[in-house]
Amino acid sequence: MSTNRTDLIVGDILKRIHEAIVEHDVTYPEFQAAKQWLIDVGEAGEWPLFLDVFVEFAVEQNANRAREGSQGTILGPYHLPGAPVLEAPYELPRREDEVGDPLLITGEVVDTHGQPIAGAELDVWQADAAGFYSGFEPSLPEGILRGKVITGEDGRYEVRTVLPGPYTIPLGGPCGALCASAGWSPWRPAHVHLIVSAEGYEPLITQIFFDSTEYLDNDVAGAVKDDLVVKPERQDDGSFTFDYEFKLEPAKVPANA
Ligand code: BEZ
Ligand code: FE
């Protein structure tokens with residue numbers, strides 16, 4: 001017997017909304033305010049932001065609950081395809097006067113048996129030290145702090161960048177207004193995003209967080225996991241470095257293959 005997933009899932013979500021209305025005695029003015037807010041989210045183009053902030057973490061945790069290898073977390077709205085593949089010294093494109101402590105990320109991509117994976121791709125993107133992403137903040141040159149590196153025969157990689165800053169979701173729109181009204185922190189802790197992929201393996205969408213940063217305990221997007229928090233070592237020249245191993249699980253065979 002086939003199951004109608006729309007009936008099942010949307011029907012259940014609506015049932016739970018109806019129950020919350022009764023449980024919290026939602027008034028007509030509150031209903032009208034909610035309706036206007038939903039319209040505002042659409043008009044401000046904030047549906048992707050809303051879903052990535054408030055919903056994606058639950059989908060990610062559930063979808064990857066049986067994942068072997070490294071932990072993943074949410075993709076978020078700021079990935080852009082087509083970043084350049086970097087050559088040695090593997091420096092993410094940056095402005096001449098890029099602010100922020102220099103950061104060297106090194107490590108290895110391995111399979112679930114610990115064997116190195118040569119030719120794996122790490123697609124890396126991050127906010128600048130002020131917490132802004134190129135391609136989304138008009139004052140930033142296009143393409144900065146975005147790039148790909150490929151592992152060598154030994155499965156190792158290197159990326160040179162600067163420490164990103166923490167940032168808030170946009171405060172001026174309806175998602176920011178929701179946080180303000182509910183008393184929720186709008187901050188995300190500083191992080192670097194990665195998609196690690198290799199032929200024959202499940203791609204790993206993840207983020208690396210820094211133990212020195214604020215907001216690890218109250219990420220508005222709920223995306224922090226203990227395994228994803230690193231402690232960069234400070235070098236004599238004031239730069240930072242850390243090593244991180246990404247373990248990829250074998251590609252899943254589609255159910256209908
Ligand atoms: C991010 O990680 O870039 C992000 C995730 C969810 C919402 C907003 C930003
Ligand atoms: Fe981010």
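Only a predicted model underlies this, so the values are computations on that prediction, with no experimental measurement involved. Counting convention: from 1, in listed order, for ligands and their atoms alike.
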Just one of Tyr133, Trp125, Phe136 clears the ring pair (Phe, Tyr, Trp, His ring centres under 6.0 Å) bar with His79, so which one?
Trp125

Near the Fe ion (ligand 2), protein N/O/S count under 2.8 Å comes to 4

Look up atom CG in Leu92 and atom CG in Asp128, then write down how far apart they are to the nearest 0.5 Å.
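Between Leu92 CG and Asp128 CG, I get 12.5 Å after rounding to 0.5 Å.
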
For a quick check under 3.5 Å, do Gln126 and Thr161 share a side-chain donor-acceptor pair by atom type?
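Thr161 and Gln126 do have a side-chain donor-acceptor pair below 3.5 Å.
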
For Asn218 and Ser185, work out which heavy atoms get closest and say how close.
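For Asn218 and Ser185, the tightest heavy-atom pair comes out as ND2-CB, 3.7 Å.
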
Please tabulate, one line per pair, the protein N or O atoms found under 3.5 Å from any N or O atom of ligand 1, giving the distance to one decimal.
from: ligand 1; atom 1: 2 (O); to: Tyr167; atom 2: OH; distance (Å): 3.1
from: ligand 1; atom 1: 2 (O); to: Arg188; atom 2: NH1; distance (Å): 2.4
from: ligand 1; atom 1: 2 (O); to: His191; atom 2: NE2; distance (Å): 3.3
from: ligand 1; atom 1: 2 (O); to: His193; atom 2: NE2; distance (Å): 3.0
from: ligand 1; atom 1: 3 (O); to: Tyr133; atom 2: OH; distance (Å): 3.3
from: ligand 1; atom 1: 3 (O); to: Tyr167; atom 2: OH; distance (Å): 2.5
from: ligand 1; atom 1: 3 (O); to: His193; atom 2: NE2; distance (Å): 3.1

I need the single residue from Ile74, Val224, Val192 that forms a side-chain contact (heavy atoms from CB on, under 4.5 Å) with Gln207. Which is it?
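By the side-chain contact (heavy atoms from CB on, under 4.5 Å) criterion, Gln207 pairs with just one of Ile74, Val224, Val192: Ile74.
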
Under 4.0 Å between a Lys/Arg side-chain N and an Asp/Glu carboxylate O for Arg156 and Glu153?
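Salt bridge: no.
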
Looking at Glu60 and Lys225, is any side-chain nitrogen of the basic one under 4.0 Å from a carboxylate oxygen of the acidic one?
yes

Arg146: side chain to side chain donor-acceptor pair (under 3.5 Å) partners, not counting sequence neighbours
Ser134

Could you pull out all residues at least two apart from Tyr215 that satisfy ring pair (Phe, Tyr, Trp, His ring centres under 6.0 Å)?
Trp187

